[in-house]
Amino acid sequence: MKIATWNINGVKARLDNLRQWLTDSQPDIVCLQEIKSVDEGFPRLEIEALGYHVETHGQKGFNGVALLSKIRPDEILRGLPGDDGDEQSRYIEGVFSVPRGAIRVASIYLPNGNPPEDPVKYPYKLSWMERLRQHARNCLLLEEPLILAGDYNVIPEPHDCFDPAVWATDALFLPETRAAFRRLENLGLVDAVRATTDATKLYSFWDYQAGAWQKNNGIRIDHLLLAPEAADRLKATAIEKHVRAWEKPSDHVPVVGLFDFN
DNA sequence: ATGGTTGTTTTACAA
């Protein structure tokens, strides 16, 4: 079973790319971020025509997440628990039946947090990460395959970016950000890409500006974090970076995990 | 070299 995460930076602007990629890559479950659309604006019919079930948690103009799946989910949770006042659409979770039980898959768009000196943005990022940790801790009690996939807006380690000095004061790489990400991992969650390769210069995002793609000036911020029950089933991962060279690309590329749940 | 780009029912802001 192929499970992917992709920040598409606007589903309407990226519809041709999304259709091409779904047709080529044939993922079973796709976690999308930054659909930048309300639920009614999502190109549902076009995606359903390719054989996918569509669940969205949209928002006008910004943010917005979705789950596309070849099999229909049994349950859907919209919004990250822990703050009823949070208006931002950054979390959707689905439960899917597999031969030996059920898997739980979340699409996560973790707050960017920049600029870090902003009185609201960076504290919001850190509190959102703590809410995610609390929710993940509860999910782990179920002892089922859990896959938390998305744009974490976190560069976990210096070798996950082209030039650590450039990112030293950025909300994606500040020590407090990385520590919060480690607290999440320390629950027992495994970074799928790092579990399957020692390769360096693996990136999932290249800025549109200053020729970042051409210079391979990228960062790795899109991650699949796996509960032990999912990590035990992980066979391979891939970062589908060829998509970044397409016409009108997103600044992120799909990151996929291949699992055997049979 | 203090630049550069993309998306959004935009005309500012987020990334």
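Every chain is numbered from 1, with letters handed out A, B, ... down the list of sequences.
The pair A/Glu93-A/Arg104 meets the salt-bridge criterion, since a charged nitrogen lies less than 4.0 angstrom from a carboxylate oxygen. Between A/Arg194 and A/Asp160 there is a salt bridge, with a side-chain nitrogen of the basic residue lying less than 4.0 Å from a carboxylate oxygen of the acidic one. The residues A/Glu157 and A/Arg178 are annotated as salt-bridged, a charged nitrogen and a carboxylate oxygen being separated by less than 4.0 angstrom.
In this structure, A/Arg44 CZ and A/Asp39 CG are separated by 7.5 Å, a value rounded to the nearest 0.5 Å.
Ring orientation note: the planes of A/Trp21 and A/Trp6 are nearly perpendicular, at an angle over 60° on the 30°/60° scale.
Atom C1' of B/dT6 sits at a distance of 23 Å from the matching atom of B/dA1, rounded to the whole Å. Using atom C1' as the reference point in both B/dC13 and B/dT9, the two lie 15 Å apart (nearest Å). Across the P atoms, B/dT11 and B/dA15 are found 16 Å apart, a figure rounded to whole Å. Using P as the reference atom, B/dA14 and B/dT10 are 15 Å apart when rounded to the nearest Å.
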Output one letter per nucleotide in nucleotides 6-15 of chain B: B when a protein non-hydrogen atom lies under 4.0 Å from the base, S when only the sugar-phosphate is that close, - when neither is. SSSS----SS

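Between A/Asn217 atom CG and B/dG4 atom P the separation is 16 Å, expressed in whole Å.
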Show the numbers, then the answer: is there a side chain to side chain donor-acceptor pair (under 3.5 Å) between A/Thr177 and A/Tyr122? CA-CA 9 Å; A/Thr177 304; A/Tyr122 194 54; 2.6 Å; yes

